[in-house]
Amino acid sequence: MWSEIENRIDYLRKEIIRHNDSYYDKNNPEISDSEYDNLVKELEQLEKEYPIFVSLSSPTQKVSGVVSSSFESVKHSVPMLSLDNTYSYEEAARWYERIKKNLNENNLEFIVEPKIDGVNTSLTYVNGILIVGSTRGNGVNGENITENIKTIEDIPYKLKVTPPPIFFELRGEVYINKLDFKDLNDEILGIGGQGFANPRNAASGSLRQKNPQITAARKLRFFAHSFGKIRGEQFKRQSDFLRYCKECGFRLQDDFKLCHSLKEIVSFMDIMLNKRDLLCYEVDGLVIKIDALELQEKLGNTSKSPRWAIAYKFPAKQTTTMLNKILVQVGRTGIITPSAILEPVVLAGVNISHATLHNFEEIKRLNVNEGDIVLVERAGDVIPKIVKVVKKGKEVLFKPPHNCPSCNSEIVNESEEVAYRCINPDCPAQFRRHLIHFVSRNAMNIQGFGKVAIDQLLKRKKIQILADIYYLTYNDFISLNLFKDKKTNNLLEAIVASKKRSLSKLLFALGIRHIGKKNSEIIAKKFKDMNALFEASVEDFTKIPEIGNVLALFLKNFFENSATRHVVNTLIAAGVNMTEPEAYKIGRQFEDKVCVLTGELETYTREQASEIIMSLGGRITSFVSKKTDYVLAGANAGSKLEKAKELDLKIIYEEEFKKLIMASEM
Ligand code: IVH
């Protein structure tokens, strides 16, 4: 029996260490938080019952997490702990009663805050200036990500209080809103990449980019929730600390509440649980904290977590169902992706029949196959995912296909990515996806040209190259299912109208790998016609602030390629426009100037100010660099303004901006 217990303890320790690694270092958790907590609880229980097996190297004795090797390491002046989790009102109530008893106090105040699922980050300000930004890492040492942190709008480079605190180490969560997460994934998928599984992974992946410019383009946000070492300022309460953060220039979450009783806490828990799907950000629960810092100190911390706070995790939206089929699809850029067709089931009020499987690694990890009963989970607005197999159907491994399901040519497993790809340029499935993309709203915008029509025309061999779209006739359409006279004529008109689309739309429609909608616009505005792109050198591309050396080389090769030239020539022959119209300008004050906006203006919203600058010939970017011409700074301007000063760039404040605009109205 002893050896059985020892084996179990050994197994649990190894599993927990492995899951810490997947969660903290690889950003790719394999199991849900509650499953992880169950492993930890079981290990803690066994170590308590059998102290003979207690070991200092056990993960129960350490704060978890590992430091990734790709960034420089920084030591936190006070360790970054984690929180104990509870999963029910009853468990939270027991914690509440225990605290009351331990402190022997009846009139306790608690602050209940949202638990945003993001990346735990520490910011160190010395005399009010941001010196270091780091991830939590293993709690003792984190990764130095200062340059990336400086690109986040919500984080001031200089604290707005006078005098500033001598030393201020504050902690909070870097996260991404649900809608921004969706846009980001659409953009990544649009350029042939693989999207992030959830907002947490998106925030973490974006924050740990080697190139801060990429971080800057991701709409990351920050909210402060705790602190490490502070000198030169004192607080009595967590609520005072939060208020002070606001004075310093941080954005404060509205969704927190000061509670005076368990009843108030529970009713706020209810409110937030109901509001969960309406919030702009993804929350995985709430954090209940004692408000008075003196009482927090009295209770202290264990080696892993504070005794004065507890996390209440919202119930996961999970259910089980049968996985009927693993569908293997070929994307526009040839990537082969698996997805799961489920036996339809209702989950949190929504009918579900599909789940993502991301890639073939994921299938291997889950050891999932057709016929298995699986646990599916829906988090926020994200597509359902398979958490694990509950019951195996048959014990056979699902293997990625060797050949493309569409053209049968051999599939290549690119070593740097987990992607399997069909590299046959004539693959019919890729061409079909390419056509669907070409006619879509953000591309050539041919309304009424749906997948059903495309599929029928492909089958009848009416479209064999892109340009064939422009030679389709009334007879080709009228004979298709559901096409009548009016619909046919409308579609023919829409096809003709699409010949006039701008170069930027055409570039996006061509589905160039790595080039999304925004970059298509930037490139088209700069080069103005396709010929200029055919003649452009690598240096011509790198002159654009958003385009680095690697992308520039890729673009040069793309436009030089004979296949590209052939596609373009056939489109020219069909009468498709190859130029970018001059943007409507009311003046030239910002002609060819690259501008960055920071802070809040009194008279204009950010969108209005951007529109004005563009109408005066300028361009807006989100990252300050040597290539920036002007920085338009409003109130509470953050690190971008400081960077502009450092680089000695021209800074325009609101008054001067208004004068410049006036000049255009004369
Ligand atoms: S307080 C001693 N408050 O949850 C820990 N944490 O395991 C103090 N988190 O990754 C943390 N929202 O970054 C606190 N309102 C909140 C939070 C919060 C999210 C994260 C935290 C950490 C995890 C705790």
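Both counts, for ligands and for their atoms, begin at 1 and track the order of listing. Below, all heavy atoms of this structure are taken into account, side chains as well, without hydrogens, waters or symmetry copies.
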Chain-and-number sorted residues having a heavy-atom contact under 4.0 Å with ligand 1 are L81, S82, L83, E113, P114, K115, I116, N120, E173, F223, H225, S226, V287, K289, P306
Identify, with sequence neighbours excluded, every residue that meets ring pair (Phe, Tyr, Trp, His ring centres under 6.0 Å) alongside F256. none
The criterion is side chain to side chain contact (heavy atoms under 4.5 Å, CB included); which residues satisfy it with I129, sequence neighbours excluded? I131, Y157, K158
May I ask you to check whether Q238 and Q296 show a side-chain donor-acceptor distance below 3.5 Å? no
Decide yes or no for I265 and L286: does some side-chain heavy atom of the first lie under 4.5 Å from some side-chain heavy atom of the second? no
Go through the structure and list residues passing side chain to side chain contact (heavy atoms under 4.5 Å, CB included) with L299, not counting sequence neighbours. I99, N102, L103, I290, R307, W308
Is it true that the NZ or CZ of K210 lies under 6.0 Å from the centre of F71's six-membered ring and within 45 degrees of the ring axis? yes
